[in-house]
Protein chains: 2
Amino acid sequence: MMATDPIERRSGIALWRQIADRMRQGIATGTLAPDGRLPPELALSERFGVNRHTLRSAIASLVQEGVLRAEQGRGTFVTERRRLSYPISSRTRFSAGLEGQARERRSLLLSHAVEPAEPAVAESLGIAAGTPVLRLETVSEADGRPISRATAWLEAARFAGFADVYAESRSITAAFARFGIADYLRKSTLVTARHADPVDLADLGLSPGAIVLVTVAVNVDIEGRPIQFSETRFAADRVELSIQN
Amino acid sequence: MMATDPIERRSGIALWRQIADRMRQGIATGTLAPDGRLPPELALSERFGVNRHTLRSAIASLVQEGVLRAEQGRGTFVTERRRLSYPISSRTRFSAGLEGQARERRSLLLSHAVEPAEPAVAESLGIAAGTPVLRLETVSEADGRPISRATAWLEAARFAGFADVYAESRSITAAFARFGIADYLRKSTLVTARHADPVDLADLGLSPGAIVLVTVAVNVDIEGRPIQFSETRFAADRVELSIQN
DNA sequence: CCTATTTGTCTATTGTTCTATACAATTAGA
DNA sequence: TCTAATTGTATAGAACAATAGACAAATAGG
């Protein structure tokens, strides 16, 4: 199966990268190294139908990513790291959602700015286009690994000074509480996937060609008024989205 | 912004492919060709910092995909095709979900087989591992374009002959109805994303490096008993998942 | 301590991708 | 009808990816 599938040549994707992608997949599903040890390079190169050096390039990139660990004379081993499951429901919260899956969860404010609302943002927040909105750029980590990169918009007039409160508390939920919003709900979530762009690549510490899961969501207060519009990019090989019905 | 982001070299992904990915993205968000006409090749090649021929390769692949249309002497134009929005809720249905977004929706049964349940399948269906299950391999299309590729498992004893009924009616909902299940609910959905494997590439008519959104779901009858376990691969550039809370 | 197995390094060759330059063909507009 | 702008084609060289073969270095096991 994995052995017989031919690798596509001159497809614009280097063989070593195609192999790296398939090895990452095989490792995740446990079909490639059930015991945590990779087959020898020579065996793998024959299985994929490429030269040993090409296969070594694939391994090198997975070592770089932290998925594998090579030891001269011994073999190449999988560095175990399970995918986090991020729950999406009407009560989606970053920190609470990952509780029990990671010891340490935190969010970092990268930057913030007040700007006129783009049409899409304005519509989601239920305000007129051009109304000043606060834009927050954040990164969330679990156990020191970047998990997601978010851009959030809030109405500037209603949430003046929100950025400072957020930077200090490092929690959206806590910051909202300071603005009199004890509870909030997720109204809608849109999920797409795409290749990570150079910015996400850098902020999430991914390698080129990596995939991000993108969620576009609207949060509303208990009266149903939109308070936050956000686009979050999750590193697809570190997170899965768990939808609660 | 898109102008200043440098393209990554020797990343294992050909420059023309990286540029094609970013152009597809830019076209989808409307930042690259707001009026439906692409900037001239020379301007774009300078913007991306590559040779005109490299940029032409990117355009050629997007023309091949049907995203662009080039006309000598006039320019290169976007062939409008919006992304379908696939709703996921407790009442997820393929055909009904895409109503109003595509004139024609249909599913095709590629193959089916009865086999012993793998542990993961068994657990989700609430049966013992090894119990015979019916596996269905299907492709769903909207207006003739492949949208998703699914693998579904049902308990073989309870749904004997299901495959024939499904092949004939071309609808899971209709087939369930014939087995006395007038209504069913989606219990859970897990969403991940990865590169399309060679099989999905072929079945969905994608080009190498394409991304698939993967949903793993369990459907239950009105009494809450699991009746179907499925893994669906959506072409990420044709579909977005819309989560209803 | 020796041997087989495995990963690491080196050099050379071939094929593919990207660049550079030039010019042809088509279209739109003055 | 002429010109400018644009896409299409051709050719050659430079940079990069993949193959091939040989051997070094570390490890595990008899």
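Chain naming here is simple, since letters A, B, ... match the order of the sequence lines and numbering starts at 1 in each.
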- Message: On DNA chain D, does the nearest nucleotide to A:G73 precede the nearest nucleotide to A:A14 from the 5' side, or the other way round? Give the residue.
- Response: A:A14

- Query: Can you find an N or O donor on one side and an acceptor on the other, under 3.5 Å apart, linking the side chain of B:Q72 with the base of C:dT26?
  - Reply: no

- Under 4.0 Å between a Lys/Arg side-chain N and an Asp/Glu carboxylate O for A:R52 and A:E46? no

- Message: So, OP1 or OP2 of C:dC18: does either fall under 4.0 Å of a side-chain N or O from B:W16?
- Response: yes

- Task: Go through the N and O atoms of the side chain of B:H53 and the base of D:dA10, and report whether any donor-acceptor pair is under 3.5 Å.
- Result: yes

- Message: Please tell me if A:T76 has a side-chain N or O lying less than 4.0 Å from either OP1 or OP2 of C:dT7.
- Response: yes

- Message: Of the listed nucleotides (C:dC18, C:dT7, D:dA18), which one gets closest to any side-chain atom of B:L15?
- Response: C:dC18

- Item | Non-hydrogen side-chain atoms of A:R194 and A:D200 separated by less than 4.5 Å | yes

- Message: Expressed as a whole number of angstroms, how long is the span from B:L68:CG to D:dT6:C1'?
- Response: 15 Å

- Item | Whole-Å distance separating the CD atom of B:E41 from the P atom of C:dT19 | 14 Å

- Task: Nearest whole angstrom, please: distance from the C1' of D:dG8 to the CG of B:L44.
- Result: 16 Å

- Atom-to-atom span, CD1 of A:I59 to P of C:dT7 - whole angstrom: 7 Å

- Query: Whole Å only: how far is the CG atom of A:L42 from the C1' atom of D:dA22?
  - Reply: 14 Å

- Task: Starting at atom CG of A:N51, determine the distance to atom P of D:dA20, rounded to an integer number of angstrom.
- Result: 6 Å

- Counting only heavy atoms not in A:E240, do more than 12 sit closer than 6.0 Å to its CD atom? yes

- Item | Side-chain-base donor-acceptor pair under 3.5 Å for A:R52 and D:dG21 | no

- Close side-chain approach of B:L206 and B:D237, heavy atoms under 4.5 Å: yes

- Message: Does C:dT19 have its OP1 or OP2 closer than 4.0 Å to a side-chain nitrogen or oxygen of B:T54?
- Response: yes

- Message: Can you see if the side chain of A:R74 gets near the phosphate of D:dA28 - specifically, an N or O under 4.0 Å from OP1 or OP2?
- Response: yes

- Item | Below 4.0 Å: OP1/OP2 of D:dT7 and any side-chain N or O of B:R56 | no

- Query: Considering only C:dT6, D:dG8, C:dC18, which nucleotide approaches the side chain of A:R37 most closely?
  - Reply: C:dT6

- Distance in angstrom units between B:E46 CD and C:dT19 P, rounded: 13 Å

- Query: What's the closest nucleotide to the A:V50 side chain, out of C:dT21, C:dT7, D:dT19?
  - Reply: D:dT19

- Between B:I19 and B:A58, the two heavy atoms sitting closest are CG2-CB, 3.7 Å

- Task: Nearest whole angstrom, please: distance from the P of D:dA17 to the CD1 of A:I19.
- Result: 14 Å

